[in-house]
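Each chain gets a letter, A, B and so on, in the order its sequence line appears, and its residues count up from 1.
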Amino acid sequence: MQTDKKTPPSLETLTGLCKRRGFIFQSSEIYNGLNGFWDFGPLGTELKNNLRDAWWQDMVRNPPLGPDGEMLDIVGLDSAIIQNPLVWKASGHLGGFNDPMADCRESKARYRADHLMVYLPTSGEGTAYAFLEGEPAVAEKRIRKAKSDTANFSVVPFTDLPLDQIATVWGPDATKAGTLTEPRQFNLMFKTFIGAMSGEGEDNTAYLRPETAQGIFINYKNVVDTMRVKLPFGIAQVGKSFRNEVTPRNFIFRSREFEQMEMEWFCHPDEASKWYSFWVEARLQWWASLGVDMRNLRRRDHDEDELAHYSTACADVEYQYGFTAPGFGELEGIAHRGNFDLTQHQEASGVKLEYFNQETNERVLPHVIEPASGLTRGVLVLLNEAYTEEFVPKGDTGGDTLLAEPGSEAPEGYEKRIVLKFSPRLAPIKVAVFPLLKNREELVKKAKDIFAELRKTWPAFYDQAGAIGRRYRRQDEIGTPFCVTIDFDSLEDDTVTVRDRDSMRQYRIPVSELKSWLFEHINE
RNA sequence: GCGAGCGUAGCUCAGCUGGUAGAGCACCACCUUGCCAAGGUGGCUGUCGAGAGUUCGAAUCUCUUCGCUCGCUCCA
């Protein structure tokens, strides 16, 4: 069904709704909060769990068919958050996740220190001129202006300079020398210490994992040895990861504690690029299958210079978030890791990680394709995607509903309705039950009986407060797809009305068929 | 970490040049309500982010501090 593309809500609108309705709260709020951390409220928890379960179902238990229509084999894993620190040394995170930064006190610019180069006077005296790697023009111009020649200088990395020489450096965006700070380490991994009596020290330092993937690589051999898996196969894991982001920003988009859904697909080196293409496409389609508008999704292939230290190719699934529009922001990355990780761990641990194919008598170190998505970001996408403002005609229920721009005022004769249009599979509450009137005992009793029955199967909600329309609207705002109302006819003929969230239509359903009706519509 | 902005009820805010806190919405109870929110009556809510100073007196002025938001960097 092609409908008008919705304008995504602003971050304020979304965070407001999330707080007001119990989806997501600022962490440690009563202590003034803590930057980069978020707590999931009752509804946010349900939503996040539903997304996680959908991923697990569609990735581990019932993965998509392969490129030739074959069934794929993917098994699950739940590894520890804290691992032997040698894991992070081998994976490159201890070195590679360590970005030295230098700030310019004058221009307020910040540079990756390892991206800065310097024209250093060979005489050892006088001003040195810094420039961004590959952009020496600025520095060279300044050298000419100082009536000197680049021949009198040698080019060295900024990070190789002794500390006392940094004061002689003229920064790329400064008007004079001496404005750059010395490079400071931004270690993105959270440190902790093992042992109850331990203080800080090198020997008992451990790290909270910055990604779930390494837990998979270090268990690859265990899985091969115990699960009778044959190449190609996958290992999947969902869990928390931690990164000391320099700047957590944009609600839960970039937080310091977040959740990932990662799958490592191990395959023969010769088939790696085939599988890479397959997974990029499969992952894009998966997000679409959750009801995400394809017009808000796109594939973006990484340029070579932005590839992470471990990958030889990478494509992102990007989403048009409210705060990035009209641009896009990352949701999932599908990386071709080659055999980097297994090679590293094989060397560092001394344990052979080759796969032996009994049929062909061949030993290979598998290559890895990694679809890694952010569960936390996925929740943000679902909220963005679901958030809808509509103008509905006042009074009767017949007139046409109009799609509204978030934050706009309803025209004469209309009123605004805020509704989260989650697919029923993902909605935190599946069904709400109301007695038409709360001061009629028979209605209340029957409604509670039906509620008691439904909650055995689905997350359900009972409400008898206020006017019936108000209760419908409250459920709209948290995305409950169906509301069941018990009225006076229900007492006569044992039927109820089921009200559909999106169309606001009502269906008369016999109570005996209610569960099967809901089952069919929730799992469609 | 650097720069800018902000911090008064659950939410959105008012409170001008200092005199000891207010409005709408929300929420709760009861009434009303025979299907799409805001009809009636009543009710709850505040260490005015925190600390210190000036003053007879500070939400309001000064300093310090904490936190949040935005930009620089990074990434699921």
Counting only side-chain heavy atoms from C-beta out, which of [options] sits nearest to [X]?
{"X": "A:Arg470", "options": "B:U33, B:C35, B:A38", "result": "B:A38"}
{"X": "A:Arg499", "options": "B:C36, B:A76, B:C35", "result": "B:C36"}
{"X": "A:Asp487", "options": "B:C35, B:C36, B:A76", "result": "B:C35"}
{"X": "A:Phe258", "options": "B:A76, B:G34, B:U69", "result": "B:A76"}
{"X": "A:Thr497", "options": "B:C35, B:A76, B:U69", "result": "B:C35"}
{"X": "A:Ala372", "options": "B:U33, B:A76, B:C70", "result": "B:A76"}
{"X": "A:Met504", "options": "B:G34, B:C36, B:C35", "result": "B:C36"}
{"X": "A:Lys19", "options": "B:U69, B:C11, B:A76", "result": "B:C11"}
{"X": "A:Gln506", "options": "B:A76, B:C35, B:C27", "result": "B:C35"}
{"X": "A:Arg377", "options": "B:C36, B:A26, B:C75", "result": "B:C75"}

>> Expressed as a whole number of angstroms, how long is the span from A:Gln26:CD to B:G10:P?
In response: 16 Å
> CG of A:Leu491 versus C1' of B:G34: gap in Å, rounded?
Replying inline: 12 Å
>> Say we look at B:G53 and B:C70: how far apart would their P atoms be, to the nearest angstrom?
In response: 36 Å
> Expressed in whole Å, how much space separates the P atoms belonging to B:C16 and B:A52?
Replying inline: 24 Å
>> Do A:Arg499 and A:Tyr472 form a cation-pi contact, if we require the NZ or CZ to be under 6.0 Å from the six-membered ring centre and within 45 degrees of the ring's axis?
In response: yes
>> Looking at A:Phe253, I'd like to know if the NZ or CZ of A:Arg377 sits under 6.0 Å from its six-membered ring centre while staying within 45 degrees of the ring's axis.
In response: yes
>> Between A:Asp489 and A:Val392, which residue's closest nucleotide on RNA chain B lies nearer the 5′ terminus?
In response: A:Asp489
> Between A:Trp38 and A:Phe251, is the ring centre distance below 6.0 Å?
Replying inline: yes
> Does any donor-acceptor pair link the side chain of A:Arg471 with the base of B:C36 at a separation under 3.5 Å?
Replying inline: no
>> One pair to check against side-chain contact (heavy atoms from CB on, under 4.5 Å): A:Met263 and A:Trp279. What are the steps and the verdict?
In response: CA-CA 10 Å; A:Met263 194 274 286; A:Trp279 282 115; 3.4 Å; yes
